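Note that the structure is a prediction, hence the values are computed from the model and not measured.
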Amino acid sequence: MRGTDEASGTLFSYVDLEERVPAGHPLRKIRQIVNDALASLDAEFDALYTDFGRPSIAPERLIRASLLQILFSIRSERQLMEQMDYNLLFRWFVGLGIDDAVWVPTVFTKNRDRLLTTDMSRKVMAAILAHPEVKPLLSDEHFSVDGTLVKAWASMKSFQPKDSPPPDHDDDPGNPPSPPTQEPSADTDKPPQQTETQPMPATPRQPRNAEVNFRGEKRSNATHASVTDPDARLYKKAPGAAAALCFMGHTLMENRNGLVVQADLTHADGHSEREAAIEMINRHSPGSTRRVTLGADKGYDAASFVAELRRMVVTPHVAQKARHSAIDGRTTQHPGYSQSQRRRKKIEEPFGWAKTVGGMAQTVHRGLDRVRAQFTMTMAACNLARLPKLLAA
């Protein structure tokens with residue numbers, strides 16, 4: 001018997017949101033770990049808010065919504081709020097009921113930017129890694145480090161000389177020119193002749209994004225700066241590649257399961273990778289005297305960097321340069337060196353995930369601090385995306 005196609009739906013629903021999410025959905029394990037991690041940060045959240053005034057959006061919901069935006073590649077806060085309005089899975093993960101109102105996108109953004117600073121993003125990552133189920137997955141002896149370029153939210157046309165006047169940001173192309181006025185005729189006694197309708201004058205097109213030719217112009221970070229994002233730097237990581245306005249993201253990965261334990265983002269230059277590596281190691285295990293290994297590519301093969309690692313009781317498993325390498329037989333003769341060199345290549349996977357899924361191929365934020373906080377939270381989300389399979393193994 002054929003069923004009827006009824007257009008009207010039921011007015012009330014007696015099915016709980018918890019029952020609508022499948023038991024084996026990966027978000028269930030992610031939500032459990034995130035809730036436990038946020039519960040451990042309750043004292044940190046209390047210190048950020050006052051005891052009076054109008055209640056803001058709960059910080060736990062702000063962080064869950066931000067992680068959801070990264071995990072599902074939602075490109076804007078406006079689209080995130082739109083999907084949370086009708087997506088029951090998103091409502092369940094964030095903690096909203098079926099009848100709860102969704103926040104205005106601008107209100108959500110302002111509350112989120114006040115909460116998710118670099119310090120808070122690092123605390124969220126640390127709380128996730130300190131979870132009782134996650135901590136046994138981490139190695140405390142063998143690590144790898146690498147960096148990647150994050151394209152800034154600024155065009156090459158914004159890279160202007162530092163001593164030049166600020167550009168005109170008026171994007172209005174202006175009113176079209178008025179049609180030319182006809183000179184009055186000397187013979188005014190004749191009646192006007194009926195003619196066809198005169199065509200409208202062709203107005204010259206004034207593009208908003210004009211073409212600019214940079215050929216032959218010398219531009220460098222010493223003489224030029226972006227007027228859109230002054231923290232962005234003109235940089236290229238590989239010879240022959242095109243230079244672009246970008247930042248440089250850094251991660252410290254443990255070698256057992258390839259989880260990111262530290263993340264940072266700095267200005268893009270030739271020394272930032274090594275400097276960030278030292279800082280991340282000190283931040284991960286400050287004052288530690290236990291010997292650990294650190295795998296890295298040839299970009300870290302510098303005498304000053306290797307000497308600093310040895311002073312910190314860190315064995316530098318750095319790939320050797322063809323000439324003038326700072327790595328000698330004391331390191332390469334051990335079998336652990338070749339193992340670290342094979343394992344360190346796994347650090348490219350979080351970078352690829354962050355750029356294809358997490359939206360870090362080109363950041364939509366401006367300023368070093370905001371981009372750093374977003375990069376750190378994206379790496380925390382990358383760890384969360386891998387935890388359901390790792391914990392089920």
Side-chain angles (χ1 to χ4, degrees), residues 15-42 60-74 80 83-84 87-96 121-146 251-263 284-285 292-293 295 339-340 342-360 375-393:
V15 181
D16 188 24
L17 278 178
E18 189 72 25
E19 300 177 6
R20 292 184 179 272
V21 181
H25 200 284
L27 279 184
R28 282 193 173 274
K29 176 55 69 174
I30 293 176
R31 187 173 185 265
Q32 173 198 341
I33 295 174
V34 170
N35 288 345
D36 294 342
L38 296 180
S40 65
L41 296 175
D42 187 66
E60 294 84 357
R61 293 184 175 181
L62 282 171
I63 294 177
R64 291 195 205 101
S66 299
L67 291 173
L68 200 66
Q69 182 178 3
I70 299 172
L71 291 170
F72 284 86
S73 305
I74 303 175
L80 175 64
Q83 294 198 28
M84 283 181 56
N87 195 322
L88 298 182
L89 179 67
F90 287 7
R91 284 179 171 268
W92 167 82
F93 185 85
V94 174
L96 294 176
S121 298
R122 289 173 178 170
K123 290 179 180 178
V124 171
M125 174 182 281
I128 293 173
L129 296 176
H131 192 275
E133 296 185 44
V134 180
K135 194 172 182 179
L137 301 175
L138 307 177
S139 171
D140 56 356
E141 295 180 350
H142 307 289
F143 301 91
S144 297
V145 67
D146 202 0
T251 56
L252 181 68
M253 180 195 73
E254 55 84 28
N255 287 357
R256 178 177 297 171
N257 289 294
L259 295 175
V260 177
V261 296
Q262 288 290 333
H284 181 68
S285 54
V292 299
T293 65
Q339 294 178 6
S340 293
R342 290 193 300 268
R343 196 62 179 171
R344 70 169 178 83
K345 298 178 182 179
K346 195 175 181 62
I347 201 171
E348 300 294 342
E349 296 180 7
F351 289 152
W353 188 95
K355 292 185 177 183
T356 56
V357 179
M360 290 305 299
F375 183 80
T376 305
M377 187 60 65
T378 302
M379 288 303 167
C382 179
N383 289 340
L384 289 172
R386 299 192 58 229
L387 286 179
K389 286 188 177 180
L390 290 176
L391 295 176

Query - Close side-chain approach of Met253 to Asn255, heavy-atom, < 4.5 Å - result: yes
Query raised in the report: Which atoms form the tightest heavy-atom contact between Ala381 and Leu67, and what is the distance?
Result: CB-CD2, 4.0 Å
Query - CG on Leu259 to CG on Leu384, rounded to 0.5 Å - result: 10.0 Å
Report task. Could you tell me the separation between the CG atom of Asn87 and the CH2 atom of Trp92, rounded to the nearest 0.5 Å? Result -> 11.5 Å
Query raised in the report: Just how far is it from atom CG of Leu68 to atom CE of Met84, taken to the nearest 0.5 Å?
Result: 7.5 Å
Query raised in the report: If every non-hydrogen atom of Met125 is compared with every non-hydrogen atom of Thr376, which pair is closest and at what distance?
Result: CE-O, 3.5 Å
Report summary line: Arg61 and Val94 have their tightest heavy-atom pair at CG-O, 3.5 Å
Query raised in the report: Counting N and O atoms only, with roles assigned by atom type, does the side chain of Ser73 sit under 3.5 Å from a partner on the main chain of Val357, one being a donor and the other an acceptor?
Result: yes
Query - Spacing of Thr378 atom OG1 and Ile70 atom CD1 [to the nearest 0.5 Å] - result: 4.0 Å
Query raised in the report: Where the side chain of Asp146 meets the backbone of Ile347, is there a donor-acceptor pair that is under 3.5 Å apart?
Result: no
Query raised in the report: Looking at side-chain heavy atoms only, is the closest gap between Leu96 and Phe90 below 4.5 Å?
Result: no
Query raised in the report: Which residue pairs pass the salt bridge (charged side-chain N to carboxylate O under 4.0 Å, His left out) test with at least one member in residues 23-40, sequence neighbours excluded?
Result: Glu18-Arg28, Lys29-Glu133
Query - salt bridge (Lys or Arg N to Asp or Glu O under 4.0 Å) against Lys346, all qualifying residues, sequence neighbours excluded - result: Glu349
Report task. Grab the two heavy atoms, one from Pro26 and one from Pro388, that are nearest each other, plus how far apart they are. Result -> O-CG, 3.7 Å
Query raised in the report: Of the non-hydrogen atoms in Pro350 and Gly258, which two are nearest, and what is the gap between them?
Result: CG-O, 4.4 Å
Report task. Indicate yes or no: at least one non-hydrogen side-chain atom of Met360 is less than 4.5 angstrom from one of Trp353. Result -> no
**Report entry** Donor-acceptor contact below 3.5 Å, side chain Arg343 vs main chain Arg256
**Finding:** yes
Query raised in the report: Side chains of Phe93 and Val21: does their closest heavy-atom pair fall under 4.5 Å?
Result: no
Query raised in the report: Are the side chains of Leu80 and Phe72 in touch, meaning some heavy atoms are under 4.5 Å apart?
Result: no
Query raised in the report: With a 4.5 Å heavy-atom cut-off, do Ser340 and Thr293 have their side chains touching?
Result: yes
Query raised in the report: So how far is it from Met379 CE to Arg122 CZ, rounded to the nearest 0.5 Å?
Result: 13.5 Å
Query raised in the report: Would you say Val34 and Glu60 make side-chain contact, with heavy atoms under 4.5 Å?
Result: no
Requested in this report: Look only at the side chain of Asn383 and the backbone of Val260, and say whether a donor-acceptor pair between them is shorter than 3.5 Å.
Outcome: yes
Requested in this report: Please assess Leu391 against Leu137 for the test side-chain contact (heavy atoms from CB on, under 4.5 Å), listing each intermediate value before the final yes or no.
Outcome: CA-CA 8 Å; Leu391 295 176; Leu137 301 175; 3.8 Å; yes
**Report entry** pair Ile128-Ile33: side-chain heavy atoms closer than 4.5 Å
**Finding:** yes
Requested in this report: With rounding to the nearest 0.5 Å, note down the distance linking CG in Asn35 to NE2 in His131.
Outcome: 9.0 Å
